[in-house]
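Since the structure comes first, as structure tokens, the remarks are kept for the end.
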There are 2 protein chains.
Amino acid sequence: MVPATYKDIRRLTGLSLATISKHFNGGNVLYANRVLIDQAARDLGYQVNDFARGLRSRRSMTLGVVLAQLNSTFNTTIVAGMEERLREAGYGTIICDSRGSAAAETEALQFLIGKMVDGIVIVPVGDRVDGLEVAAERGVPVVAIDRPIANAAVDAVVIDNRAAIASAVELLCSAGHTDLALLAGPEVVFTMRERRIGFRETVKRRTGRLPRRALVGVDPISIEGGYAGMVRLMRLEAPPTAVVCANYEFTLGATIALNELAPDLPAPALVGFDNLELARVIRPRPTLVVQPVAQIAAKAAELILQRIAGQAGAEPRLEVLGTELVVGEAATYTLRRSRA
Amino acid sequence: MVPATYKDIRRLTGLSLATISKHFNGGNVLYANRVLIDQAARDLGYQVNDFARGLRSRRSMTLGVVLAQLNSTFNTTIVAGMEERLREAGYGTIICDSRGSAAAETEALQFLIGKMVDGIVIVPVGDRVDGLEVAAERGVPVVAIDRPIANAAVDAVVIDNRAAIASAVELLCSAGHTDLALLAGPEVVFTMRERRIGFRETVKRRTGRLPRRALVGVDPISIEGGYAGMVRLMRLEAPPTAVVCANYEFTLGATIALNELAPDLPAPALVGFDNLELARVIRPRPTLVVQPVAQIAAKAAELILQRIAGQAGAEPRLEVLGTELVVGEAATYTLRRSRA
DNA sequence: CCTTGAGAGCGAAACGTTTTGCTTAGGCTA
DNA sequence: TAGCCTAAGCAAAACGTTTCGCTCTCAAGG
């Protein structure tokens with residue numbers, strides 16, 4: 001009923017609390033006594049009380065994760081990868097969802113600090129994050145993923161967004177396309193801003209002029225947004241011959257739109273973003289900019305663990321990872337088809 | 001640097017620790033003193049230490065959530081809904097991912113118990129869950145969602161799976177279909193087992209005979225599974241005229257397959273499962289069995305809060321919620337089209 | 001005038017660990 | 001043999017709350 005404590009173990013073994021504690025924390029204890037303690041613990045169904053331990057040691061062996069969107073393959077894949085790595089290091093993980101709301105994000109940070117987490121990994125909602133000062137005061141290290149944080153000096157793991165989009169544009173241009181469109185979200189989101197810049201710059205460099213205004217609209221970051229954007233593009237008087245999608249949602253939405261419209265209209269070439277399971281299923285196999293999710297997870301775990309261990313310098317570190325362009329059939333598909 | 005404590009507040013206010021504690025827990029304290037304490041707390045940036053509080057009070061004001069799959073709209077939507085309700089009641093939420101692994105599930109339960117959660121909500125991986133005894137011993141209530149737990153007497157919130165599928169079958173039969181197929185996963189998963197039974201029974205009742213063996217295959221619960229299953233069905237010598245998809249993944253996979261194959265083959269009518277955002281985007285608008293996610297979330301929150309408050313009887317309660325059949329265009333679509 | 005009870009406050013004892021010194025025994029070196 | 005070191009163990013003091021009794025005051029009721 002009532003959980004066992006060190007005192008119960010003391011009763012069964014005759015050892016002192018200090019020795020028992022030492023054993024549970026990997027200190028030097030005689031073999032015979034180790035066995036004794038383990039046996040007693042098993043008999044009692046003993047489990048350490050994290051509250052007492054945390055209160056005294058000021059460590060929780062727990063990390064907090066705050067996600068801008070819980071319901072996103074990209075995020076959850078990274079979290080799963082990180083969790084595994086952190087579990088090996090003895091840390092548990094608490095996941096919070098800020099549901100794209102800055103207020104909820106601040107609240108989540110407070111919750112985590114209250115839970116005395118030893119570190120925080122965050123996919124921020126926006127460029128600025130409120131409530132990080134408390135973490136700084138408490139000495140709780142923070143690592144940002146996917147987007148850096150403007151108003152705090154914290155480590156960050158991001159991809160080279162401009163280069164990522166550039167590689168997509170390069171491919172399309174090399175395949176002969178000259179009229180490229182971009183489906184992307186609003187500039188306030190870091191990744192969208194960067195990808196947009198990468199798109200414009202590369203198009204300019206390769207074709208000699210900036211993309212037409214109608215081809216770089218702003219759509220809501222959602223499947224519907226991608227769908228609507230693609231429909232809009234296809235209804236233009238001069239539709240693009242190729243479309244780059246700036247993230248997963250746009251890719252999916254655009255693909256759906258193409259599937260529906262394809263019978264009636266000549267479909268443009270498509271380059272999508274993120275490693276979606278769908279990619280294995282959609283025909284023609286789409287060309288994709290693939291983020292190194294495993295690497296991102298590993299790097300973030302490494303950064304936060306180093307910070308906790310105090311092995312990192314005062315400077316915030318920025319890790320920029322490269323992306324891969326997995327060429328499918330869709331990039332050149334249409335050119336071939338429209339020629340036929 | 002080092003966090004403030006009651007002692008600091010005592011220094012600033014001259015009040016005793018007992019009084020300060022009473023105030024922070026809503027007890028009777030003179031207005032003047034309340035103001036004094038609040039002021040001091042603000043000046044000190046005071047935040048209560050959850051470890052000390054939990055150690056003493058044996059309550060954490062935190063609930064644990066264990067998901068069989070973090071990366072699932074269905075699950076995350078429910079979690080988001082529950083979290084909101086629980087936050088209102090003053091509870092924080094810790095989310096764990098068992099990644100479909102029974103071992104990880106047990107580990108997550110231990111982690112949560114160690115964190116002294118006041119209750120656990122779980123979407124179980126399988127019919128049986130290991131590690132629940134500890135929760136029972138500690139008096140930590142558990143509520144299962146989506147699937148009941150066979151080896152423990154806990155509350156559960158599920159939908160009427162047989163009726164859900166039955167409604168889909170009824171609609172298709174009423175539309176004139178006689179050759180129905182089911183895309184579903186293995187029997188070991190509760191929901192799949194139930195939906196399969198519902199399918200067979202209703203087909204039998206409406207058409208007079210059980211569905212052909214080839215039309216009720218077992219596919220992996222994944223988008224690919226749905227895709228492969230649909231392709232297999234369409235390649236049969238006598239393909240079905242209508243297909244029921246037993247969950248979200250199957251629906252999505254099947255839809256993709258249809259989109260690709262449609263130009264070549266007469267497409268069957270399709271009834272899908274779960275309220276996917278995609279539904280708003282796909283044309284023809286699919287008919288869907290929609291789970292009452294908001295209700296499920298609310299009911300689960302209610303059950304766990306009641307248990308914590310000790311207001312529930314000894315009997316485990318089983319809440320069975322109904323589903324809605326949202327009729328789209330696809331159910332009758334093909335019949336019309338194939339007549340044309 | 002005495003009793004009763006409620007409101008407000010206090011001191012001190014938990015809660016279950018970790019951690020800090022301090023002992024002791026035994027082995028090694030000089 | 002003296003001196004020193006290490007391994008192993010112990011008692012007791014934290015850690016920051018909540019909670020259990022007590023006390024005191026003041027107002028109402030008889």
Side-chain angles (χ1 to χ4, degrees), chain A residues 1-38 40-41 44-62 90 92 113-116 118 137-139, chain B residues 1-38 40-41 44-62 90 92 113-118 134 137-139:
Chain A
M1 196 71 250
V2 47
T5 73
Y6 280 2
K7 286 184 187 166
D8 298 305
I9 297 184
R10 170 172 66 184
R11 193 159 34 73
L12 294 200
T13 63
L15 294 167
S16 77
L17 302 183
T19 303
I20 298 169
S21 168
K22 210 196 261 180
H23 171 55
F24 280 115
N25 292 285
N28 270 331
V29 175
L30 279 189
Y31 176 74
N33 289 335
R34 291 209 297 267
V35 172
L36 220 51
I37 296 175
D38 285 339
L44 293 164
Y46 175 80
Q47 229 183 329
V48 318
N49 182 321
D50 277 348
F51 285 161
R53 169 175 282 178
L55 174 60
R56 185 56 235 240
S57 68
R58 303 174 149 293
R59 269 175 297 117
S60 65
M61 292 307 283
T62 301
I113 304 258
K115 287 267 168 294
M116 301 271 173
D118 299 335
E137 275 169 24
R138 300 282 169 109
Chain B
M1 194 69 250
V2 45
T5 73
Y6 279 2
K7 286 185 187 165
D8 298 304
I9 297 183
R10 170 171 66 184
R11 193 159 33 74
L12 294 200
T13 63
L15 294 166
S16 76
L17 301 182
T19 304
I20 298 169
S21 168
K22 213 197 259 180
H23 170 55
F24 280 115
N25 293 283
N28 271 330
V29 175
L30 278 189
Y31 177 73
N33 290 334
R34 291 209 296 266
V35 172
L36 218 53
I37 295 175
D38 285 339
L44 292 164
Y46 175 80
Q47 229 182 330
V48 321
N49 182 321
D50 277 347
F51 284 163
R53 171 175 280 180
L55 174 60
R56 185 56 235 239
S57 69
R58 304 176 149 291
R59 268 175 297 117
S60 65
M61 293 307 283
T62 301
I113 303 258
K115 287 268 168 292
M116 300 271 173
V117 293
D118 299 335
V134 194
E137 276 169 24
R138 301 279 168 110

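So that the names make sense, note that chain A is the first sequence line, chain B the second, and so on, each numbered from 1.
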Non-hydrogen side-chain atoms of B:Ile113 and B:Glu137 separated by less than 4.5 Å: no

Under 4.0 angstrom between A:Thr19 side-chain N/O and D:dC10 OP1 or OP2: yes

Of residues 28-38 of chain B, the positions that come close to DNA chain C - non-hydrogen atoms, cut-off under 4.0 Å: B:Asn28, B:Val29, B:Leu30, B:Asn33

Point-to-point distance, once rounded to the nearest 0.5 Å, from CD1 of B:Ile20 to NZ of B:Lys22: 12.0 Å

Sugar-phosphate only, base, or nothing, as touched by A:Arg59 at under 4.0 Å among non-hydrogen atoms: sugar-phosphate

Non-hydrogen atoms of B:Lys7 and B:Leu17 that approach each other most closely: N-CD2, 4.0 Å

Min side-chain heavy-atom separation A:Leu12-A:Tyr46 under 4.5 Å: no

Pairwise N/O distances under 3.5 Å, protein to nucleotides 13-17 of chain D:
residue : atom : partner : partner atom : Å
D:dA14  : N3   : A:Arg56 : NH1          : 2.6
D:dG16  : OP1  : A:Arg58 : NH2          : 2.6
D:dT17  : OP1  : B:Tyr46 : OH           : 2.5
D:dT17  : OP2  : B:Tyr6  : N            : 3.0
D:dT17  : O5'  : B:Tyr46 : OH           : 3.0

Axis deviation across the helix from C:dC1-D:dG30 to C:dA30-D:dT1, five-pair ends, to the nearest 10°: 40°

A:Leu44 side, atom CG; A:Tyr6 side, atom OH - distance, nearest 0.5 Å: 13.0 Å

Basic-acidic side-chain contact under 4.0 Å: A:Asp50, B:Lys115: yes

Integer-rounded Å distance: D:dC10 P and A:His23 NE2: 14 Å

Heavy-atom pair of closest approach, residues A:Asp118 and A:Arg59: OD1-CA, 3.7 Å

Name of the residue among B:Asp38, B:Asn28, B:Thr13 meeting side chain to side chain donor-acceptor pair (under 3.5 Å) with B:His23: B:Asp38

Spacing of CG belonging to B:Leu15 relative to CG belonging to B:Asn33, to within rounding of 0.5 Å: 4.5 Å

Given DNA chain C, 5'-ward residue of the pair B:Lys22 and A:Phe24, judged by closest heavy atom: B:Lys22

Check: A:Phe51 main-chain N/O paired with A:Asn49 side-chain donor or acceptor under 3.5 Å: yes

